[in-house]
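To start, the structure under review is shown below, and the notes come after it.
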Number of protein chains: 2
Amino acid sequence: MRVSMSDVARHANVSMSTVSRVINGLEIVKPETRKRVEEAIEQLRYQPSGLARGLMRGRSELIGLVLPDLHGEFYSEIIRGADAEARELGYGLVISSIHKVGEDAPGPAIQHRGLLDGMALMVSELTDGIRRTLSDMPVPFVLLDNDLPGAPHDSVIIDQRHAVRKLMQHVIGNCGARRVIFLGGAESNVDTRARFGACREALEQSGLPLAPEDVYYLDFDYRTAFNLAARVIPSWAGSGAFVFAANDEMAAGVIAAASQAGVRIPDDLGVVGFDDTRIAQLTHPALTTVRVPMALMGAESVRLLCQRLQQRDAKPARVVLQPEVVVRASCGAANK
Amino acid sequence: MRVSMSDVARHANVSMSTVSRVINGLEIVKPETRKRVEEAIEQLRYQPSGLARGLMRGRSELIGLVLPDLHGEFYSEIIRGADAEARELGYGLVISSIHKVGEDAPGPAIQHRGLLDGMALMVSELTDGIRRTLSDMPVPFVLLDNDLPGAPHDSVIIDQRHAVRKLMQHVIGNCGARRVIFLGGAESNVDTRARFGACREALEQSGLPLAPEDVYYLDFDYRTAFNLAARVIPSWAGSGAFVFAANDEMAAGVIAAASQAGVRIPDDLGVVGFDDTRIAQLTHPALTTVRVPMALMGAESVRLLCQRLQQRDAKPARVVLQPEVVVRASCGAANK
DNA sequence: TGTTGGGCTGAAAGCGGTGTCAATTCGCCG
DNA sequence: CGGCGAATTGACACCGCTTTCAGCCCAACA
C-alpha cells in the first residue's frame, strides 16, 4: 500500500507538520531536521498525494482543455501550445474531445469537472445545450475561437473576419479575381459562418456578388471537396474565378481535382484556403492561405485561464489573435 | 464560495450520508428522500469535489499520457485513440509532453503524478535518467512503442521490425530494388534504430548490402531530407536504387527534391516511407509506406493501463501491434 | 402486544495532507 | 541566574466526501 506522510514523519522521527514544511520548502526547518526528513522521503520513495493536497488547498492545479475533436493538425497545435503554457505555469492539462453533442445533450461530456480548477473550451456549434452547460459551469472557463460578446467569461478569438477580408482584397486586388466560389464546412459550424460572412462582406465591398449557386456547404474534408470539384470544376474555370475554401484540406482537394481535370491553377482558376496547415505547402502549386496561430491560441487560453484563477473577479478578458495571409502560388499573385 | 455536500444535506434536510447515496446511485434511498436531495442538488448547482471523492476512494480516475512531443499528426492520433478509450472507461486523460530530458535530467517533468492513477508513456530515447524515473514510478504505467523485454510493466509496441522486413521484401521482390539508401532520424532515436536494424537485416537476408555511405542520420524533417537529396540525388538515381526514409516527411522531402532535380520517381529512384501520415497521399507520386496504427496504440495503452488498475498483480502484458505495408506509386510496384 | 427483521437514515471515523497556534528550546541580555 | 524573544517543532482542527456501523421506524409474526 501507499506510503503516506505520517510514515515519513515516523521514520524521520518528526511530526507531519515538519514533513509538510520540508516538502513545501518552507525555510523555517533546521537543516539537520530537514536532512533527516529528506532521507526518509528518499528511502520510503514517498510521493505526496495530489488529491489530499488539492483538497486542502482548494485547488487541483489541473485545468481542462476541451476540443470539438482531436483529429487533425489544427487541434494538435492548440494542444501543443496549451501544454507548453500549462507546464510553464505549473498546471496539468486534462484533455478531452466533446463526445456527442446532440440537440438536447447537456453539452460536453466533462466527467471530471469536479477535479478541475478551470477549463478552456472550444465548441464547433453553439447549441442551446452547450449554452446551458456554459452558464452552469462550476469553474472559471475561457472560450476559444467563439465570439459571445458581452458574456461574463474570458475568450480568445481569432479575428477571422479581418483575415478573410485581407485575403479577399488580395485575391481581388492583386490577383484579379472576378468571381468567388465559397466552399464551407457544415452550415451551422461557427467557423464556416464566420468565414462565409466575412467573405460575403468583403466581396460586397468590392462590388463583387457572391452568387448563391457559388456557395457550397461541405464538411471540411479533402475527399468531399475533391469529388465536388471533379464534377463541377469545368463550370468554374476561366473568367477570373477563385475558389475560397474554408480550410486547406478542401482547397487541396480542389487543386487535386483541377490537376486531374486539366484545369490549370492559378491560370484557369485561383484557389485559396484557410489555416495554413502542413498540406498548404504540399499542393502543386502551393496554397495561398491564412495562417492561424493555433499554438498561440492554446497558450493564450491557458494563460488567461490561469490568470483568472489568480484573480477571480477581474473583468472578463478578450484576446484577439490576428491571422496572417500567406501568399503562395495558388492564387497567381506571383504572376502579376 | 463553493457549495459542498453538507450544504446540500442541510438544504434537503437529510444527512450527508444520504446525499452521498443519492449521488452514487445506491438504491437504498426512499424515492421521496431521493427526490428532495436531487432537487437540492439542482437548486444549489452542487458539483461534487473530485478531489475529496478521489481522496476517499484512493484513486483520481485520472491517467497521464506522456509523449516525447506533441507536434505532428503522429502524436495527435495517439491522443485521439487514448482519449476515446479513456472516455469509454471513465478516466480522464492528463496529457503532457516530455519537456527537457537532458543527460542527467530526472526524466519526464511529471509534476502531477501525485494526482494520477497511472501513466502511459512514450519516450524517444531511453536514457539512464528515464530508466531511473521508470523504475521509481509510484503508479502503474505502460510503455509505448518501446521494447524493454522482461521489464515488470505493460507495454504496447509496434512490430516495426516485421513491417520493415515486409516493406523491404516488397521493394526488392516486387519492385526490383538493387540498392537501398537509408534515411533515419537521430541515431539515438529508438525508432531510427529499430527501422535501421530491421532494414539492414532484411537486406542482408536478400544478399543486398547496405553500404555505410548509404546510411544517413537526419532529423525526421522534410526540409533536411530535401536539402540532402537536392545535393546527392544524382548519385542515387538509376541502378535500381530505393530510398527508405524512416518517416514519410523525409520521404516527401526526397520526392520533392527529385522532382526539382528531374529525377523521375519511381522510374529513376524508388522512394518508400514510414508512418502513412497524411502527407503520404499527397506526394507525387503517392508514397508507398507503412501504416502504423497510432490511434489504436493510444487506445490499447489506455486499455491496458486501466486493466492493470483493476488487477494490480496480473502479470505484465505486452501488446504487439502490426503495421501494414501500404503500396502506392512511389515504389513502382504498379508498373510491374 | 411483544418481538423480530427489514428498510432507511444518521453519526462519526477517516482519506492524506495544510495551516494555525501553542509549546519547547535556546541564545543572549540584564 | 532568571527572563525574553526568536527559532523550531508539534498538536490538532479541518478540506469535502465515502463508508462502516448503529439506530430508528414500522410491518409482519407469534
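Numbers restart at 1 for each chain; the letters A, B, ... are given by sequence-line order, proteins then strands.
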Quickly work out the B:Leu55 CG to C:dA13 P distance and round it to whole Å. 17 Å
Atom-pair distance (CE on B:Met16; C1' on C:dG14), nearest Å: 12 Å
Can you check the A:Arg2 CZ to C:dG16 P distance for me, whole Å? 8 Å
If we ignore angles and hydrogens, is there a donor and acceptor under 3.5 Å between the side chains of A:His71 and B:Glu77? yes
With a non-hydrogen cut-off below 4.0 angstrom, is A:Val19 in contact with a base, only sugar-phosphate, or nothing? nothing
Check against side-chain hydrogen bond (donor to acceptor under 3.5 Å, both in side chains), B:Asp117 and B:Ser60: CA-CA 6 Å; B:Asp117 288 349; B:Ser60 61; 3.2 Å; yes
Checking only heavy atoms, does the side chain of B:Arg21 share a donor-acceptor pair with the base of C:dG10 at less than 3.5 Å? yes
Using a strict threshold of under 4.0 Å (side-chain N to carboxylate O), is an ion pair present between A:Arg132 and A:Asp136? no
Under 4.0 Å between any heavy atoms, over every strand shown, what does B:Ser20 touch: base, sugar-phosphate, or nothing? Just pick one. base
To the closest 0.5 Å, what do you measure between OH (B:Tyr75) and CE (B:Met294)? 8.5 Å
Is B:Glu38 paired with B:Lys35 through a side-chain N to carboxylate O contact shorter than 4.0 Å? no
Answer yes or no: are there more than 12 heavy-atom neighbours, outside B:Arg193 itself, under 6.0 Å from its atom CZ? no
Euclidean distance, atom CZ of residue A:Arg53 to atom P of C:dG19 [Å, nearest integer]: 9 Å
Quick one: A:Asn24 CG to C:dG17 P, roughly how many Å, whole number? 11 Å
What's the angle between the local helix axes at either end of the helix from C:dT1-D:dA30 to C:dG30-D:dC1, using five pairs per end and rounding to 10 degrees? 70°
Nearest heavy atom decides the nucleotide; on that basis, is A:Thr33 or B:Ile23 closer to the 5' end of DNA chain D? A:Thr33
Figure out the CG/C1' separation between A:Leu51 and C:dG17, and round it to whole Å. 11 Å
Nearest to the side chain of A:Ser17 - C:dG19, C:dG17, C:dG10? C:dG19
Please list, in 5' to 3' order, the outermost nucleotides of DNA chain D lying under 4.0 Å from any heavy atom of chain A. D:dT8 to D:dG16
Nearest-angstrom distance from the residue atom CE of B:Met56 to P of C:dG16: 9 Å
Integer-rounded Å distance: C:dT9 P and B:Ile28 CD1: 9 Å
Can a salt bridge be assigned to the pair B:Arg80 and B:Asp83 using a cut-off of 4.0 Å between side-chain N and carboxylate O? no
For a side-chain hydrogen bond (donor to acceptor under 3.5 Å, both in side chains) check, start with the C-alpha distance between B:Asp69 and B:Ser97, then their side-chain angles and the critical distance, and finish with the verdict. CA-CA 5 Å; B:Asp69 188 0; B:Ser97 60; 5.7 Å; no
Do A:Asp154 and A:Phe141 have side chains that get closer than 4.5 Å, going by heavy atoms? no
Is B:Val29 touching bases, backbone alone, or none of the nucleic acid, heavy atoms closer than 4.0 Å? sugar-phosphate
